[in-house]
Amino acid sequence: MAKLSTDELLEAFKEMTLIELSEFVKQFEDTFGVTAAAPVAVAGAAPAGGGGDAAAAEEQDEFDVVLTAAGDKKIAVIKEVRALTSLGLKEAKDLVDGAPKAVLEKVDKAAADKAKEQLEGAGATVELK
């Protein structure tokens with residue numbers, strides 16, 4: 001098997017959907033016994049260490065936009081999910097059908113609010129976590 005360069009790997013990742021990339025990361029972690037999120041968690045915990053849990057909860061800067069129900073206008077919700085993500089039609093439909101599911105993960109407050117507003121405008125029920 002030919003060895004791929006870093007640029008070739010990045011090009012391959014750019015063509016993947018978010019779900020495919022997420023599944024790849026999980027399989028990579030399982031195969032090599034590593035956790036991709038560990039350095040982020042350690043770096044994020046260090047500054048908040050002196051403030052306690054209450055301060056960390058108040059200063060939440062990453063949110064997950066979770067679709068809890070599609071509502072009556074399922075097609076409109078699927079269109080909004082596709083607009084917010086890089087998912088294809090089938091993946092977006094599967095996400096909407098499988099609610100509750102996260103549409104966006106670890107986004108800033110402004111992006112989370114905008115996504116929530118768009119999804120609710122299409123008739124969905126949405127939570128920010």
Side-chain angles (χ1 to χ4, degrees):
M1 184 167 150
K3 185 176 178 183
L4 298 175
S5 71
T6 304
D7 291 335
E8 291 170 330
L9 285 171
L10 286 174
E11 287 303 315
F13 291 145
K14 287 179 184 177
E15 295 176 11
M16 297 174 92
T17 65
L18 291 176
I19 292 174
E20 290 171 335
L21 192 55
S22 174
E23 289 171 357
F24 168 77
V25 170
K26 287 177 189 172
Q27 188 172 357
F28 184 89
E29 290 173 345
D30 291 343
T31 301
F32 295 103
V34 297
T35 304
V40 175
V42 171
D53 290 338
E58 290 176 20
E59 297 177 20
Q60 181 179 1
D61 59 351
E62 290 184 339
F63 296 87
D64 293 343
V65 180
V66 179
L67 176 72
T68 55
D72 296 335
K73 301 176 184 174
K74 188 169 146 183
I75 294 173
V77 174
I78 292 170
K79 286 181 181 179
E80 286 301 325
V81 168
R82 290 193 67 205
L84 292 169
T85 65
S86 63
L87 297 177
L89 180 60
K90 182 180 181 339
E91 291 87 0
K93 182 183 179 302
D94 290 345
L95 188 145
V96 171
D97 287 341
K101 289 222 176 177
V103 176
L104 297 173
E105 295 179 338
K106 298 183 179 177
V107 296
D108 62 31
K109 178 73 172 160
D113 287 338
K114 182 178 178 186
K116 180 179 179 183
E117 182 180 308
Q118 288 177 315
L119 288 166
E120 286 178 342
T125 307
V126 181
E127 285 183 4
L128 295 182
K129 292 186 178 184

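Predicted model, so just to flag it, every value in this text is computed and none were measured.
- Residue Asp30 places its CG atom among more than 12 non-hydrogen atoms of other residues, nucleotides or ligands, all under 6.0 Å distant.
- In plain terms, the two heavy atoms of Val77 and Gly123 that are nearest each other are CG2-C, 4.3 Å.
- One hydrophobic cluster, built from ILVMFWY side chains closer than 4.5 Å, cannot hold both Val66 and Ile78; they sit in different ones.
- Put simply, CG on Leu18 and CE on Met16 are 10.5 Å apart, with the number rounded to the nearest 0.5 Å.
- Side-chain contact between Leu128 and Asp64: absent, with no pair of heavy atoms (C-beta onward) separated by less than 4.5 Å.
- Hydrophobic clustering places Phe28 together with Phe13 (ILVMFWY residues linked when any side-chain heavy atoms are closer than 4.5 Å, directly or through intermediates).
- Placement of Ile75 and Val126 in two distinct hydrophobic clusters is found when ILVMFWY residues are connected by side-chain heavy-atom separations under 4.5 Å, directly or transitively.
- Here the straight-line distance linking atom CG of Leu67 with atom OG1 of Thr125 works out to 8.0 Å at 0.5 Å rounding.
- For Leu21, the CG atom counts as densely surrounded, since its 6.0 Å shell holds more than 12 non-hydrogen atoms of other residues, nucleotides or ligands.
- At a threshold of 4.0 Å, the pair Lys26-Glu23 does not count as salt-bridged, since none of the basic side-chain nitrogens sits closer than that to a carboxylate oxygen.
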Kindly list each side-chain donor-acceptor pair under 3.5 angstrom involving residues 89-97, sequence neighbours excluded, with atom names and distances?
from: Lys90; atom 1: NZ; to: Asp94; atom 2: OD2; distance (Å): 3.0
from: Glu91; atom 1: OE1; to: Gly88; atom 2: N; distance (Å): 3.2
from: Lys93; atom 1: NZ; to: Asp97; atom 2: OD2; distance (Å): 2.8
from: Asp97; atom 1: OD1; to: Lys74; atom 2: NZ; distance (Å): 2.6

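- Here Leu104 contributes atom CG and Glu62 contributes atom CD; the two are 12.5 Å apart, rounded to the nearest 0.5 Å.
- In terms of heavy-atom proximity, Ala122 sits nearest to Glu80 at CB-CG, 3.7 Å.
- Under the 4.5 Å side-chain heavy-atom criterion for ILVMFWY residues, no single connected hydrophobic cluster contains both Phe63 and Val81.
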Practice task
Check step by step if side-chain contact (heavy atoms from CB on, under 4.5 Å) holds for Leu84 and Leu119.
Solution key: CA-CA 9 Å; Leu84 292 169; Leu119 288 166; 3.8 Å; yes
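- More than 12 heavy atoms of other residues, nucleotides or ligands lie within 6.0 Å of CD in Glu8, so this atom counts as buried by the packing criterion.
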